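Structure, as structure tokens:
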Amino acid sequence: MRTRLFLCAGLVAIAVLTGCAQYDIARIAGDATEGRNNDTPGSALARSYILGELKGIGNGLDSSKTGDDAYLQTFTAGTNLLAVIPGTDLADQYVMVGAHYDHLGRSCRTSDPADTICNGATDNAAGVAALLGIARAIKAQPTPPRRSVILAVWDREEDGLLGSQYYTQHPVVPLAKTVGYVNFDIQGSNLLPSLRNTSFAVASETGGTRLQDIVRSAIGEQSLDTSLFSSIFGQFRSDYAMLINAGVPSVFFTDSTGPCYHTAQDDPKIVDFYKLEQQTATALSVTRELAGTSTPPIFAANAATATFDDAVVFSRVVNRAYSDRGRFSQADQDTFTRIRNAAQKRVDEGRAQFGSDDVAPLLGDAVTAVNLLTRGTCDGFLVPSQQAAALRRAMGR
């Protein structure tokens with residue numbers, strides 16, 4: 001363990017993040033953890049691994065406890081894992097990075113009767129791996145961050161965001177001192193071949209233009225096309241919703257839900273490590289800026305539900321995906337065409353014409369599109385050469 005952690009620290013110091021991620025995902029989402037349903041032996045096995053990694057990186061967040069207990073926040077049938085990398089001159093302020101580690105056990109769809117374990121590799125072992133990658137990179141910095149960085153690994157997200165809800169109702173440090181939250185849920189996942197280079201950053205408007213600028217700047221450092229959407233486009237179906245409800249500026253990094261979503265075929269072999277490498281680097285940049293800036297974002301309580309900018313981004317993504325419409329049934333292709341035409345019409349009409357009467361149709365089309373993308377056989381839509389290149393970088397070759 002100690003040798004591997006040292007190796008990982010050396011790798012992330014040169015911004016190569018996928019080598020450890022592959023190992024993390026194999027340990028968290030392998031068959032041995034049996035789908036990580038909360039309050040099961042498989043969940044305990046995954047939690048033990050994650051706890052071991054956190055102990056090598058930071059302190060337990062709950063300073064009133066000792067040993068492993070300082071890292072654990074237990075609640076009904078669940079256990080959150082909470083660690084902290086202490087800051088320097090602003091150590092009593094916090095940036096939180098979070099991802100849920102629970103999944104569905106054996107309660108998911110499968111295309112193979114012999115494969116019934118819901119491994120949850122992209123949902124959300126890859127998100128936990130991204131969190132650990134960020135944590136190792138910050139720990140390896142020659143200078144600690146100004147603000148303390150909380151590492152929050154949530155339980156019972158699949159049961160209704162119960163782990164993050166419990167934390168916001170029983171915070172270990174003051175929520176008013178938490179200047180920003182970075183959330184991962186579904187990473188290293190491709191919706192379609194045409195969307196391999198597409199990912200999403202949801203809810204940055206909750207930190208006003210300051211958080212949006214931080215996120216855009218970090219996105220610009222990578223070749224991955226990460227599009228910003230307002231918070232409602234995540235349908236408040238991940239832990240970012242609880243931190244927003246608590247008044248914490250938040251950004252939710254996600255690949256949305258594709259054909260592997262909540263299936264037994266969401267296992268490590270379908271994770272796009274080339275994509276995950278860039279996603280982790282983007283979020284690391286955001287986290288570092290939040291931890292060091294003298295002008296942190298301020299929570300924007302009255303952000304718009306959906307905007308013309310959302311309409312533009314939605315139209316761009318739908319147009320990009322349209323080249324793969326042949327993968328769907330004729331009825332779904334017709335729906336796809338209707339959504340594409342409506343999206344283009346909103347954009348063509350222009351910003352000045354976008355009003356409150358456009359919001360509901362835009363959101364409805366977005367929900368329909370997301371549902372369409374979950375159909376079909378699970379496929380990672382991977383490019384082998386990109387996967388191989390990511391592995392070579394991770395190995396320092």
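Model, not experiment: these values are computed from the prediction.
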Hphob cluster co-occupancy, [X] + [Y], side-chain heavy atoms under 4.5 angstrom:
{"X": "Met242", "Y": "Phe184", "value": "no"}
{"X": "Val95", "Y": "Ile219", "value": "yes"}
{"X": "Met96", "Y": "Val248", "value": "yes"}
{"X": "Val370", "Y": "Leu372", "value": "no"}
{"X": "Leu195", "Y": "Ile339", "value": "yes"}

Return yes if a side-chain donor-acceptor contact under 3.5 Å exists between [X] and [Y], otherwise no.
{"X": "Ser238", "Y": "Asn183", "answer": "yes"}
{"X": "Thr198", "Y": "Asp225", "answer": "no"}
{"X": "Thr337", "Y": "Asp334", "answer": "no"}
{"X": "Thr282", "Y": "Gln222", "answer": "no"}
{"X": "Ser164", "Y": "Glu157", "answer": "no"}
{"X": "Asn119", "Y": "His103", "answer": "no"}
{"X": "Ser329", "Y": "Arg375", "answer": "no"}
{"X": "Gln265", "Y": "Asp115", "answer": "yes"}
{"X": "Gln333", "Y": "Arg325", "answer": "no"}
{"X": "Ser217", "Y": "Glu289", "answer": "no"}
{"X": "Ser204", "Y": "Arg216", "answer": "no"}
{"X": "Arg346", "Y": "Ser315", "answer": "no"}
{"X": "His262", "Y": "Asp123", "answer": "yes"}
{"X": "Asp62", "Y": "Ser64", "answer": "yes"}
{"X": "Thr254", "Y": "Ser256", "answer": "no"}
{"X": "Asp155", "Y": "Tyr101", "answer": "yes"}

Test item: [X] and [Y] side chains (from C-beta on) under 4.5 Å apart, heavy atoms:
{"X": "Arg47", "Y": "Thr79", "value": "yes"}
{"X": "Leu54", "Y": "Leu82", "value": "no"}
{"X": "Val153", "Y": "Leu151", "value": "no"}
{"X": "Thr206", "Y": "Phe299", "value": "yes"}
{"X": "Phe233", "Y": "Phe252", "value": "no"}
{"X": "Asp267", "Y": "Ile270", "value": "yes"}
{"X": "Arg351", "Y": "Asp309", "value": "yes"}
{"X": "Phe75", "Y": "Leu162", "value": "yes"}

Work out which heavy atom in [X] is nearest to a heavy atom in [Y]; give both atom names and the distance.
{"X": "Val128", "Y": "Ile50", "answer": "CG1-CD1, 4.0 Å"}
{"X": "Val202", "Y": "Gly234", "answer": "CG1-N, 3.8 Å"}
{"X": "Ser189", "Y": "Asp255", "answer": "N-OD2, 2.9 Å"}
{"X": "Leu363", "Y": "Ala306", "answer": "CD2-CB, 4.3 Å"}
{"X": "Ala135", "Y": "Ile85", "answer": "O-CD1, 3.6 Å"}
{"X": "Ala137", "Y": "Arg288", "answer": "O-NH2, 3.8 Å"}

Exercise for the section: For side-chain hydrogen bond (donor to acceptor under 3.5 Å, both in side chains), just list the numbers for Asn319 and Gln344, CA-CA rounded to whole Å, side-chain angles, deciding distance to a tenth of an Å, and then say yes or no. Expected result: CA-CA 9 Å; Asn319 272 311; Gln344 189 61 53; 3.2 Å; yes
Determine yes or no for a side-chain-to-main-chain donor-acceptor pair under 3.5 angstrom, with [X] supplying the side chain and [Y] the backbone.
{"X": "Tyr71", "Y": "Gly58", "answer": "yes"}
{"X": "Asp324", "Y": "Leu192", "answer": "no"}
{"X": "Thr33", "Y": "Gly30", "answer": "yes"}
{"X": "Gln387", "Y": "Val271", "answer": "yes"}
{"X": "Ser148", "Y": "Ala91", "answer": "yes"}
{"X": "Gln73", "Y": "His170", "answer": "yes"}
{"X": "Ser285", "Y": "Ala281", "answer": "no"}
{"X": "Asn38", "Y": "Gly78", "answer": "no"}
{"X": "Asn197", "Y": "Ser223", "answer": "yes"}

Output the distance between atom [atom1] ([X]) and atom [atom2] ([Y]), rounded to the nearest 0.5 Å.
{"X": "Leu72", "Y": "Asn80", "atom1": "CG", "atom2": "CG", "value": "9.5 Å"}
{"X": "Thr374", "Y": "Tyr261", "atom1": "OG1", "atom2": "OH", "value": "9.0 Å"}
{"X": "Ile244", "Y": "Asp239", "atom1": "CD1", "atom2": "CG", "value": "11.0 Å"}
{"X": "Asp185", "Y": "Phe253", "atom1": "CG", "atom2": "CZ", "value": "13.5 Å"}
{"X": "Thr257", "Y": "Leu191", "atom1": "OG1", "atom2": "CG", "value": "7.0 Å"}
{"X": "Ile232", "Y": "Thr307", "atom1": "CD1", "atom2": "OG1", "value": "11.5 Å"}

For the pair [X] and [Y], find out whether any cationic side-chain nitrogen is under 4.0 Å from an anionic carboxylate oxygen.
{"X": "Arg156", "Y": "Asp102", "value": "no"}
{"X": "Glu158", "Y": "Arg36", "value": "no"}
{"X": "Arg196", "Y": "Asp272", "value": "no"}

Exercise for the section: Could you please spell out the steps behind the side chain to side chain contact (heavy atoms under 4.5 Å, CB included) verdict for Val318 and Phe336? Expected result: CA-CA 8 Å; Val318 170; Phe336 215 147; 3.8 Å; yes
Problem - Lys55/Asp68 under salt bridge (charged side-chain N to carboxylate O under 4.0 Å, His left out): CA gap, chis, key distance, verdict - result: CA-CA 8 Å; Lys55 288 168 66 176; Asp68 290 358; 2.8 Å; yes
Handout entry: Geometric cation-pi criterion Arg340 and Tyr322, 6.0 Å radius, 45° cone
Key =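 Yes, a cation-pi geometry.
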Exercise for the section: Output, in order, the C-alpha distance, side-chain angles, deciding distance and verdict of side chain to side chain contact (heavy atoms under 4.5 Å, CB included) for Phe200 and Val317. Expected result: CA-CA 10 Å; Phe200 308 102; Val317 173; 4.0 Å; yes
Practice task
Show the numbers, then the answer: is there a side chain to side chain contact (heavy atoms under 4.5 Å, CB included) between Asp379 and Asn190?
Solution key: CA-CA 8 Å; Asp379 192 328; Asn190 295 316; over 6 Å; no
